[in-house]
**Q** 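Just passing along the structure, written as structure tokens.
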There are 2 protein chains.
Amino acid sequence: MAMNLKELSRSLGLSQTTVSRALNGYPEVAEATRQRVMQAAAVHNYRPNARAKGLATGRTMAVGHVIPVASQHEMVNPIFSDFIAGAGETYMRHGYDMVLSVVPDAREEAAYRELAMKGSVDGIIVHGPRAVDPRIALLQEIGLPFVVHGRASGAQTDYNWIDVNNRRAFQRATEFLLDLGHRRIALVNGLVSMDFAARRLRGYTDALTSRGVTPDPALIYSDEMTEAYGFGAAREVLALAQPATAFLVSSMIAALGIRRAIEEAGLRMGRDISVITYDDDLSYLRNGGEVPTFTATRSSVRQAGRLCADRLIDLVQNPGQPARRHLLEAELTVGASTGPAPAGVNRVVT
Amino acid sequence: MAMNLKELSRSLGLSQTTVSRALNGYPEVAEATRQRVMQAAAVHNYRPNARAKGLATGRTMAVGHVIPVASQHEMVNPIFSDFIAGAGETYMRHGYDMVLSVVPDAREEAAYRELAMKGSVDGIIVHGPRAVDPRIALLQEIGLPFVVHGRASGAQTDYNWIDVNNRRAFQRATEFLLDLGHRRIALVNGLVSMDFAARRLRGYTDALTSRGVTPDPALIYSDEMTEAYGFGAAREVLALAQPATAFLVSSMIAALGIRRAIEEAGLRMGRDISVITYDDDLSYLRNGGEVPTFTATRSSVRQAGRLCADRLIDLVQNPGQPARRHLLEAELTVGASTGPAPAGVNRVVT
DNA sequence: TAGGTGATTCAAAGCGCTTTGGCATGCGAT
DNA sequence: ATCGCATGCCAAAGCGCTTTGAATCACCTA
């Protein structure tokens with residue numbers, strides 16, 4: 001069905017060598033010949049067989065993504081769609097394929113090994129690093145180029161990563177709330193086993209303690225970031241004897257749940273209760289409007305996808321580079337969900 | 001770096017033939033030998049090179065997904081994460097890889113051609129079919145097995161698809177609202193160029209007209225299903241001289257926007273305004289609780305992913321089957337978002 | 001005129017695997 | 001002693017491509 005090099009070259013009366021060279025832009029081919037070859041290739045809709053090419057060159061022109069599915073809740077992180085969209089653009093531009101492995105997080109190690117040994121990819125993007133994550137040591141041992149989206153704090157060695165400054169983002173957000181007079185600030189975080197969540201927690205507690213506020217464990221939540229989780233956490237916090245006056249949330253989706261709980265309690269977000277959320281700038285969940293609905297620390301995960309892909313391709317094409325780290329700053333945009341702490345409640349004891 | 005067949009067989013003092021056969025479970029190998037080979041393979045962590053294997057067998061053990069990115073809004077459908085998770089499970093179980101192409105929807109045709117000619121996949125899953133969609137003719141011409149998630153009404157020929165009965169789902173939902181006394185029911189639909197949205201529209205209008213209610217164009221919206229879109233549409237509808245008393249929505253995310261608009265208008269969902277949404281049962285957006293938040297017609301997109309993958313693998317392994325269609329029924333579950341039409345408003349003229 | 005040079009082209013090897021078509025060996029049957 | 005037939009193993013070809021090393025030719029140079 002598909003035309004191959006042999007047929008193509010025979011139909012042109014040329015050797016496979018020459019045709020191959022012509023198509024791949026080598027100089028030792030007469031310009032006239034090259035034109036003829038190109039033309040014929042276009043006419044026959046010829047595309048070199050990727051596998052054969054890979055075998056011959058040792059390059060697969062493909063990169064792997066291992067998507068872990070949280071075995072607990074069977075949850076797959078919704079930011080992947082956008083990350084993948086960003087990375088995909090880059091791959092397309094460079095002619096790379098993207099191969100995905102969806103794996104229950106328990107079997108993740110095996111998945112990497114598999115990808116590497118089967119030789120089906122030239123490099124790997126690592127998603128969702130844990131605070132201490134065996135994968136990066138594993139990948140270094142395997143010797144396949146890789147880029148981590150995020151960081152693993154516990155790692156001993158250098159490696160390539162691209163991450164948002166989560167600590168700083170949450171520190172600033174907390175300070176912003178403190179400046180508005182809030183003292184009881186709830187943190188509705190992701191799973192703290194995740195590196196990003198651990199850093200956000202750090203930023204939050206740092207900001208609090210440096211202002212003399214002792215973090216209250218009753219206000220700190222940590223779980224998979226679903227709408228229901230946000231709702232449940234907020235409902236609990238609002239029912240406390242000393243409820244929070246503000247929420248710091250790790251994702252837009254959880255924030256929607258929190259807003260729901262706030263309104264269900266007959267309160268109004270932005271007036272009675274303040275909310276700051278982390279915003280991945282997902283395409284289907286834009287925090288838009290002239291005045292954004294949520295005050296948020298934002299960093300586009302799609303852009304992160306692009307950056308990771310760019311870096312990885314660079315790494316594949318120019319091996320042996322020293323590891324490079326790339327820290328993105330999230331921007332804090334003020335929306336309609338924050339306001340001064342209501343007077344009379346949680347007055348600061350001076 | 002990676003051990004290969006040649007080395008492995010030499011280290012065993014056997015021919016490549018025998019080792020290959022032993023590993024692939026052929027009978028003409030002494031049981032003792034097979035054990036020895038298996039052991040050695042395990043020890044050396046040997047995995048046959050996928051490309052070489054593919055070249056030799058003509059099978060790639062990979063299937064392609066072409067993910068279109070709506071060029072208008074740069075939007076990538078959030079249901080993909082879950083669909084992919086479902087399909088991924090199946091692929092994993094059968095040892096297939098999944099290769100993704102993220103493409104601006106304009107270049108989609110080229111992407112399919114590419115995948116096929118490069119010979120990098122054994123089959124393809126088609127996402128987001130339009131009401132009239134040139135892709136299925138294209139794929140039939142190409143001759144690669146494919147399964148469509150959804151349907152393309154305009155298609156002339158038979159092909160394999162798996163779809164939800166969108167017309168019926170929306171017809172039932174509309175009837176449910178009519179039974180509650182609602183007469184002004186807004187439809188906040190996806191892009192009607194999409195097949196699923198066209199069918200939903202049909203179900204909605206069928207139900208209305210068969211009850212003698214004339215569909216009001218002012219109540220029918222159609223766009224990419226974002227939270228902001230839901231919000232905007234609902235806000236407009238509620239500001240009409242004769243506002244709707246109920247909404248029928250094509251996605252949970254848009255429904256969240258609608259709820260926001262309802263509450264912003266000082267109304268309460270489920271009492272003042274009823275909402276029924278289509279629910280893809282996304283892992284991070286469960287419509288949970290003892291009483292679900294939303295009354296919804298639900299069908300798991302993850303399950304659809306599994307089914308599509310299963311079907312495609314079957315198709316790849318047993319070619320030449322007649323096309324098979326698979327229509328899933330969505331279930332209507334009653335939640336807290338619906339109630340009788342408020343009296344005094346839009347009273348039915350009898 | 002012999003030898004050197006640059007420009008083109010080609011035959012063949014090799015990437016790592018499967019698979020075809022033998023080739024031994026042992027054993028019961030003739 | 002011979003034939004037939006499993007049984008177990010192997011050498012080599014082939015999948016579609018790249019790449020090495022050489023060949024051919026025209027054209028100069030000494």
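Each chain gets a letter, A, B and so on, in the order the sequences are listed, and its residues count up from 1.
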**Q** Would you say dC15(C) has OP1 or OP2 under 4.0 Å from some side-chain N or O of Asn4(B)?
**A**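 Looking at the OP1 and OP2 atoms of dC15(C), neither is under 4.0 Å from any side-chain N or O of Asn4(B).
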**Q** Would you mind classifying the nucleic acid contact of Arg21(A) as base, sugar-phosphate or nothing, using non-hydrogen atoms under 4.0 angstrom?
**A**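 The answer is base, as Arg21(A) lies within the cut-off (heavy atoms under 4.0 Å) of a base atom.
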**Q** Hey, does the side chain of Thr18(A) come within less than 4.0 Å of dC10(C)'s phosphate (OP1/OP2), counting only N and O?
**A**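 The answer is yes; a side-chain N or O of Thr18(A) sits under 4.0 Å from OP1 or OP2.
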**Q** Would you kindly say whether Ser15(A) and Thr18(A) are connected by a side-chain donor-acceptor distance under 3.5 Å?
**A**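 Judged by distance alone, the side chains do pair up.
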**Q** Within the structure, does a side-chain N or O atom of Thr33(B) lie under 4.0 Å from either OP1 or OP2 of dC9(D)?
**A**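 The answer is yes; a side-chain N or O of Thr33(B) sits under 4.0 Å from OP1 or OP2.
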**Q** Taking side chain to side chain donor-acceptor pair (under 3.5 Å) as the definition, give me every residue that meets it alongside Thr33(B), ordered by chain and number, with sequence neighbours left out.
**A**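 Testing Thr33(B) for side chain to side chain donor-acceptor pair (under 3.5 Å), a comparison that skips the adjacent residues, returns none.
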**Q** May I have the distance from Glu7(B) (atom CD) to dC17(C) (atom C1'), rounded to whole angstrom?
**A**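 Roughly 14 Å, once rounded to whole Å.
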**Q** Tell me yes or no: between the side chains of Gln35(A) and Gln39(A), is some donor less than 3.5 Å from an acceptor?
**A**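 Gln35(A) vs Gln39(A): no donor-acceptor pair found between side chains.
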**Q** Taking only the side-chain nitrogens and oxygens of Ser15(A), find out if one of them lies under 4.0 Å from OP1 or OP2 of dC10(C).
**A**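 Affirmative; the distance criterion is met.
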**Q** Does any donor-acceptor pair link the side chain of Thr17(A) with the base of dT19(D) at a separation under 3.5 Å?
**A**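 Side chain to base: pair present.
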**Q** Counting side-chain heavy atoms from CB outward, which of dT9(C), dC15(C), dT18(C) is closest to Leu55(A)?
**A**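 Output: dC15(C).
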**Q** Is it the case that Arg311(A) and Gln321(A) place a side-chain donor and acceptor less than 3.5 Å from each other?
**A**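 Note: Arg311(A) and Gln321(A) side chains meet the donor-acceptor criterion.
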**Q** Hey, does the side chain of Lys53(B) come within less than 4.0 Å of dT18(C)'s phosphate (OP1/OP2), counting only N and O?
**A**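 Checking dT18(C) against Lys53(B), a side-chain N or O does come within under 4.0 Å of OP1 or OP2.
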**Q** Identify, between Glu28(B) and Ala52(B), the residue whose nearest nucleotide on DNA chain D lies closer to the 5' end.
**A**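 Comparing both residues, the 5'-ward one is Glu28(B).
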**Q** Among the nucleotides dG16(D), dC15(D), dT19(C), which one has an atom lying closest to any side-chain atom of Thr57(B)?
**A**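 Closest nucleotide to the Thr57(B) side chain: dT19(C).
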**Q** Within the pair Tyr26(B) and dC10(D), is there a side-chain N or O less than 4.0 Å away from OP1 or OP2?
**A**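 No, no such contact exists.
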